[in-house]
Amino acid sequence: MADIAIIGYSQSPSWREAELTEPQFLFPVISEAIDHAKIERREIGFTCAGSCDYLSGQTFAFVMNLEAVGAWPPISESHVEMDGAWALYEAWVRLQAGDIDTALVFGSGKSSPGNLSEIYPLQLDPYTLTPLGVDPASMAALQARALIDAGLVTEREMAQVVARNRRDAMNNPRAQVSGDFDEDALLAEPYLTAPLRKHDLPPISDGACAVILATADKARAVCERPVWIRGIDHRIEVHQPGMRDLTVSSSTQIAGKNAGVGNAPVDVAELCVSFSHEESVLRRALGLAENVKVNPSGGPLSANPLMAVGISRFAEAARQIAEQGAHRAIAHASSGQALQQNMVAVLEGD
Amino acid sequence: MSASLPDETIDPNAPVANMDYFMALEFKETICPVVQRYTDGLLAGKIIGHRCSQCGLVYVPPRGYCPIDVLETTEEDEVELADRGIVTNYTVVTPVQYYGQEATEPFAKVSVLLDEPGGMLSLQDVLEVPVEQVRIGMRLEAVWVPESDRTVEEIGNRSWGSADGCILGWRATGEPDVPPDQFNDRVF
Ligand SMILES: [Zn+2]
C-alpha cells in the first residue's frame, strides 16, 4: 500500500448546542483545513464526508453539508453514514488508485436537537433490543460491570481516567468539559446508571473536523511536516452484544495488529474513549505500554462531536506529531454499541 | 418513544409472524441567526435575502454563505426582495391518501423567481388559479397573511424558501407571461 499523509486538519470547538446550522459551522472548518494544508480548493481530487441524518432529524442533511465544500464546478465526492474516520478510510483507499493526489475528508454532527438515548437504540437489533430502548449509557454500563466483575478495571481507575482527561482538556481550546477535578470527589458523585456516574459518560457535543490527505509526492511538495499513515485497518464484531465478551475488544486487537501498532514503540495514542472504562479495554487490545500517553487532547470525554469524534482522533494524533514532537502515534475510532466496530491507524512523522 | 399495545384480535398462541413497532423521534431546533433575520422580516411584511458579493446570486432565506463561491455572507449582504415574480418551474401534485395527507384535490407547487433584485422561492402555493392553467412564465404576486395573524412557527433552518404562516400563496397578476428565454438557468 502506498503511504498517504495527513497534510492539514481543522476542528471546530465542541458546543453543547450550536447556534449555527451544521453546514454553517462546517464552512470555516473546511476552509481552515485547506488553508492549513497550504493548497488551493481546486487541487482536491476527492471529497468524502461522514455524518448521520438521524442526529438532526433531517432527511438528506448530508447533502446540505456539501454546501460548505464548494461543489461548483462539480466535484467527485462520496458520503458515509458513519463517523468521518470512515470517510477518511474511504479516501485513503481512493488515493491508492494513484490517479489523484489530494483528498478532503470531514465529519460533522449536530446532536443537540434530538434525544440521543432515543435515537441510538435504532441502530440495534430491531426485534429484541430497539424496543427495550437500550441506550449507549445502558450498554456501556453493562460493559463496565463486566470489566469490574472480571477484576480488569475499578471505579477508582475510571475516575482517574476522567480526572486526567479533564485536566488535559484544559490545554485544548476546543474542549467542552475541562478542569481540575479530584478523583475522590468524582467517586462521591451518585450513579447515573450503575456502575457509571455522569462523568463516566461523554458530553453531548455539536461540532466538526476536517482532514486533508495527500499522496507521498504531493505531501512532500506542499507540506513541511507530513504525518504518514503507515497502517490502517478496521474490524467489526457481531451485532448482537449478548454474543460478545464485553471485557475484550477483539476487533481493536485485530485492527491494531494489521495496522502495525506493535512493530515499534508508540509515543501517544488518541483513542475513542467515549466512556471511561473503555480506556482499559482499548489499552489492553492494542498492547500499549504503561508509558504511552493516551488522549492528551482530553479525548471524547472532554469533546464528543458525534460523527466527528473519530476523525478528530486522527487530527489530534497528527497534531501531536506535527506540533508536539511525537514521532509515532495511534489514532483510533469506534462505532456501534460498546466498541462493536473499531478502526486503528498508525501515524508517523518523518 | 412508545411501543404499540397488544392487539387483542391476535391469537396469543399463534407463532409470531409480524411485530408492530410505532415510534416517534422529537427534534427541537434553534433558529440560526440569519434565518431569524428572515423570519423577523416576514413578520414585518418583508422578504429578506443575502446577495453574494462575488456572483450576485440572491439566497432566500439567507444561508450565511454562497455555496458557489464558498464565501461567507453577513447582514451586510442583506437585500429586501420583491414580493412579485414569475413561475419558472412547477409540479402538480395528485394527492394519494396516505396517513397524514390532508389534501384531496390536485394542487400545484411552483418556484417563483422574484423580480429585481432576484431570489427564488420554491414550493409555493398558487391561489385562485386552476391547476391546469399554471404555466411557466406566468406572473404572480404574494398574498400576505394579515399582519396580526402572521406566524413563523412552521419555519425552521431547513425550510428552503418557505414563507408559511406569513405568505398565504401567490396569485396571478394578469400581466402578460414572460418568455422563458428571459430566465434560462433559473429553474430552481
Ligand atoms: Zn456567489
* Which value, rounded to the nearest 0.5 Å, describes the distance between A/Glu67 atom CD and B/Ile68 atom CD1? -> 8.5 Å

* Looking at CD of A/Glu19 and SG of B/Cys32, how far apart are the two atoms once the value is rounded to the nearest 0.5 Å? -> 8.0 Å

* Using distance alone, with no hydrogens and no angle criterion, decide if A/Gln24 and B/Tyr65 have a side-chain donor and acceptor under 3.5 Å apart. => no

* **Per-residue contact mode, A/Ala68 against chain B (heavy atom under 4.5 angstrom)** => backbone

* Portion of A/Pro73 that has a non-hydrogen atom of chain B nearer than 4.5 angstrom -> neither

* Structure fact -> Ranked by heavy-atom pairs below 4.5 Å to chain B, first place among A/Ser56, A/Pro126, A/Gly70 goes to A/Ser56

* **Heavy atoms from other residues, nucleotides or ligands near CD of B/Glu72 exceed 12 (cutoff 6.0 Å)** => no

* Would you indicate whether the side-chain heavy atoms of B/Phe27 and A/Leu55 approach each other to under 4.5 Å? => no

* To do: Below 4.5 Å from any heavy atom of chain A, which atoms of B/Val34 appear? Answer side chain, backbone, both or neither.
  => side chain

* Taking atom CD of B/Glu154 as the centre, report whether more than 12 heavy atoms of other residues, nucleotides or ligands fall under 6.0 Å from it. => no

* For residues B/Asp69 and A/Trp72, determine if any side-chain heavy atom of one lies less than 4.5 Å from a side-chain heavy atom of the other. => no

* Structure fact -> Here the pair of heavy atoms bringing A/Tyr54 nearest to B/Leu25 is CD2-CD1, 4.2 Å

* More than 12 non-hydrogen atoms from neighbouring residues, nucleotides or ligands closer than 6.0 Å to CD on B/Glu153, yes or no? -> no

* Atom CD of B/Gln101 with >12 non-hydrogen neighbours under 6.0 angstrom -> yes

* How long is the gap from OG1 on A/Thr130 to CE on B/Met23, to the nearest 0.5 Å? -> 8.5 Å

* How many angstroms lie between atom OG1 of A/Thr21 and atom CD of B/Glu29, to the nearest 0.5 angstrom? -> 8.5 Å

* Asked: Given side chains that start at C-beta, do those of B/Thr30 and A/Glu17 come closer than 4.5 Å, heavy atoms only?
  -> yes

* **Per-residue contact mode, A/Ala71 against chain B (heavy atom under 4.5 angstrom)** => backbone

* Asked: Contact part of A/Ile34 toward chain B, heavy-atom cut-off under 4.5 Å: side chain, backbone, both or neither?
  -> neither

* **Greater than 12 external heavy atoms within 6.0 Å of B/Gln97's CD** => yes

